[in-house]
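First the structure, in the form of structure tokens, and then the observations on it.
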Amino acid sequence: SRFDEFTKNGTDTGPVIERAGYGPGGETVVFDSANAINLYNFKHGLPGENLAKTEEPASEFPTYKISGLMFGDYYYYYQRHQDTVSSTNPTEVEGQHGLWFRRIYLTFDFAQSEKLSVRLRLEANSNGDFGGGDITPYVKDAFVKWTYKGKQQLTLGIQPTLTFDFLEGFWGLRHIEKTPADLYRLDSSRDFGFAFAGPARVQGLSYAAQFGNESGSGSETREGKIVRFQTRYERNSSMAFEGFYSFGRGPSGQNRQTGQGFAGFRSTSTRVGLQYLWQERMSGQDTVADQTIDVWSGFAVWDVVPKKADLFVRADSVKGHLGDAETGLPGAEDIDYWVLSSQSPFTTWIFGGEWYVHPTVRFSPNLEIVRYNHDPDPTLFPGRRQDSIFRFTFFWTF
């Protein structure tokens with residue numbers, strides 16, 4: 001947990017031992033104990049050391065932590081497949097530029113004991129459909145987590161969905177762009193329900209199962225419910241494989257099922273991942289074809305100078321089918337901060353780099369391009385097959 005906190009936010013949560021220039025490339029290495037030094041030495045073929053044991057502070061409960069996260073952009077939407085947001089919203093998007101906050105989090109974590117913890121998180125963000133207005137906060141997370149029988153866990157309340165919670169951490173650039181299932185609105189990032197998770201008997205294998213309302217961060221809104229299942233294999237810290245399936249029951253037989261597979265590799269300086277995502281949206285009518293959506297996504301992140309600078313690239317191929325007819329992504333017009341077209345399949349390209357002013361403060365020039373397979377509106381806007389937006393993204397945590 002201390003390592004996760006350090007890599008995510010650049011902060012430590014206890015006593016450490018620092019050795020400048022001790023890494024294989026002259027890096028500063030941070031150890032959490034004297035025992036960790038000898039484990040490191042053994043792994044790297046260095047002699048053992050007779051060190052006094054680091055006294056670990058006694059755990060005192062209850063404990064709490066307040067943290068926050070903010071990110072946004074100076075953006076320039078310089079290519080657009082049409083002039084306005086929609087036929088009912090006359091806002092002209094092409095050429096628009098300005099500042100916005102895409103996410104603001106304020107999180108309160110409370111641990112009653114080693115086995116029982118609570119999280120309350122508030123989120124606020126700008127209007128993503130270029131409509132302006134105030135930034136309004138709402139409840140993003142509100143759950144209790146109970147660890148029982150070893151490392152088995154039960155989570156109850158508004159919580160992250162299994163669909164891409166792990167993938168978001170592996171991608172590691174949520175402030176640049178969402179993961180595909182989230183970005184293309186194939187599932188919500190949160191759900192109100194309960195989940196069971198923990199390690200399986202096979203080393204490196206874990207499981208998770210979740211039952212929810214499929215109502216996002218709100219209360220009951222649907223006639224049906226959704227179940228999600230996930231299994232992941234991580235034998236070592238470098239390779240990860242994950243499989244996922246969900247089935248959501250909707251009104252009048254309008255059910256949905258989603259499946260995805262992911263394979264990833266990470267080292268001290270690189271992360272690469274490949275994902276396939278499939279969703280079927282059942283019409284509930286014998287005379288109406290079911291809608292399917294296929295997404296292929298791959299990314300690479302290179303830490304040019306760890307905790308100082310990185311470069312990244314990602315590509316998503318998004319295509320739908322309605323019966324035998326090829327389609328675009330249903331609901332693409334509702335994607336926040338993009339407002340895309342559902343009239344054609346497309347490929348999304350993301351390029352950029354980051355500069356760390358501090359482990360908790362980053363700036364990133366990045367470019368996102370959506371290239372449609374054909375003109376979304378050849379009658380009114382012939383030759384406009386692309387949406388392009390340049391962002392100078394800022395990100396900080398506390």
Side-chain angles (χ1 to χ4, degrees), residues 7-11 67-80 93-107 121-133 135 137 140 164 167-185 189 269-273 297-316 335-340 347-371 386-398:
T7 55
K8 183 180 294 184
N9 299 318
T11 58
S67 60
L69 176 152
M70 290 171 273
F71 64 85
D73 319 284
Y74 180 85
Y75 71 93
Y76 173 42
Y77 208 137
Y78 66 92
Q79 284 182 306
R80 168 85 171 144
V93 177
E94 185 167 294
Q96 187 173 141
H97 61 97
L99 287 160
W100 56 26
F101 270 112
R102 283 190 284 137
R103 288 293 181 276
I104 300 175
Y105 289 161
L106 181 62
T107 306
R121 169 175 285 169
L122 301 180
E123 176 179 331
N125 47 70
S126 301
N127 184 299
D129 60 4
F130 302 90
I135 298 177
K140 181 74 169 182
F164 43 83
L167 300 183
E168 194 170 88
F170 202 102
W171 160 236
L173 296 171
R174 168 64 184 84
H175 53 287
I176 303 298
E177 193 51 273
K178 300 175 181 178
T179 53
D182 192 8
L183 176 60
Y184 305 123
R185 300 172 66 88
S189 67
S269 61
T270 57
R271 298 192 307 277
V272 295
S297 178
F299 68 83
V301 182
W302 176 36
D303 290 328
V304 183
V305 182
K307 295 297 181 183
K308 290 293 183 182
D310 62 44
L311 298 172
F312 54 84
V313 61
R314 177 176 132 190
D316 302 341
I335 296 177
D336 293 339
Y337 309 103
W338 261 116
V339 194
L340 300 178
T347 300
T348 302
W349 292 92
I350 304 173
F351 310 90
E354 287 189 298
W355 171 53
Y356 291 65
V357 179
H358 183 269
T360 62
V361 180
R362 313 182 207 175
F363 294 100
S364 170
N366 57 91
L367 175 65
E368 292 194 53
I369 300 172
V370 172
R371 179 72 173 176
Q386 188 164 293
D387 284 283
S388 303
I389 188 168
F390 172 79
R391 293 180 175 135
F392 187 79
T393 301
F394 44 85
F395 167 90
W396 57 79
T397 64
F398 64 87

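Among residues two or more places apart in sequence or in another chain, the side-chain hydrogen bond (donor to acceptor under 3.5 Å, both in side chains) test is passed with Arg102 by Asp73. Residues satisfying the salt bridge (Lys or Arg N to Asp or Glu O under 4.0 Å) criterion with Glu168, sequence neighbours excluded, are Arg174.
Atoms CD1 and OG, from Ile135 and Ser126 in turn, are 4.0 Å apart once rounded to the nearest 0.5 Å. How far OG1 of Thr360 is from CG of Leu69: 10.5 Å, rounded to the nearest 0.5 Å. The CH2 atom of Trp355 sits 7.0 Å away from atom CZ of Phe363, with the distance rounded to the nearest 0.5 Å. Note that the CG atom of Leu340 and the CG atom of Asp387 stand 5.5 Å from one another [nearest 0.5 Å]. Distance check: His175 NE2 to Arg362 CZ gives 4.5 Å after rounding to the nearest 0.5 Å. To the nearest 0.5 Å, atom CD of residue Glu368 and atom CZ of residue Phe351 are 10.5 Å apart.
Using a 4.5 Å heavy-atom cutoff, the side chains of Asn366 and Phe312 are in contact. Side-chain contact between Leu106 and Phe398: present, with at least one pair of heavy atoms (C-beta onward) separated by less than 4.5 Å. Using a 4.5 Å heavy-atom threshold, the side chains of His97 and Tyr78 count as separate. At least one side-chain heavy atom of Val301 sits under 4.5 Å from a side-chain heavy atom of Trp171. Here the side chains of Glu354 and Phe395 are not in contact, with every heavy-atom distance at 4.5 Å or above. Between Val93 and Val339 the shortest side-chain heavy-atom distance does not fall below 4.5 Å.
There is a side-chain donor-acceptor pair under 3.5 Å between Ser189 and Lys140.
For the pairing with Tyr337, the side-chain contact (heavy atoms from CB on, under 4.5 Å) check across Ile389, Leu183, Asn125 returns one residue only, Asn125. Between Trp100 and the choices Phe392, Phe394, Phe130, the ring-ring contact (aromatic ring centres under 6.0 Å, His included) rule is met once, by Phe130.
Between the side chain of Trp349 and the main chain of Arg371, no donor-acceptor pair closer than 3.5 Å is present. For Arg103 (side chain) and Glu123 (main-chain N/O), no donor-acceptor pair under 3.5 Å exists by modelled atom type. Of the possible donor and acceptor atoms, none in the side chain of Tyr74 sits under 3.5 Å from a partner among the backbone N and O of Phe390. Side chain of Gln79 to backbone of Gln386: no donor-acceptor contact under 3.5 angstrom is found. Looking at Ser388, its side chain never comes within 3.5 Å of a backbone N or O of Ile369 through a donor-acceptor pair.
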For a side chain to side chain donor-acceptor pair (under 3.5 Å) check, start with the C-alpha distance between Asp316 and Ser297, then their side-chain angles and the critical distance, and finish with the verdict. CA-CA 4 Å; Asp316 302 341; Ser297 178; 2.6 Å; yes

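The two residues Val272 and Ala300 come nearest to each other via the heavy atoms CG1-CB, 3.8 Å. In terms of heavy atoms, Arg271 sits closest to Phe170 at NE-O, 2.9 Å.
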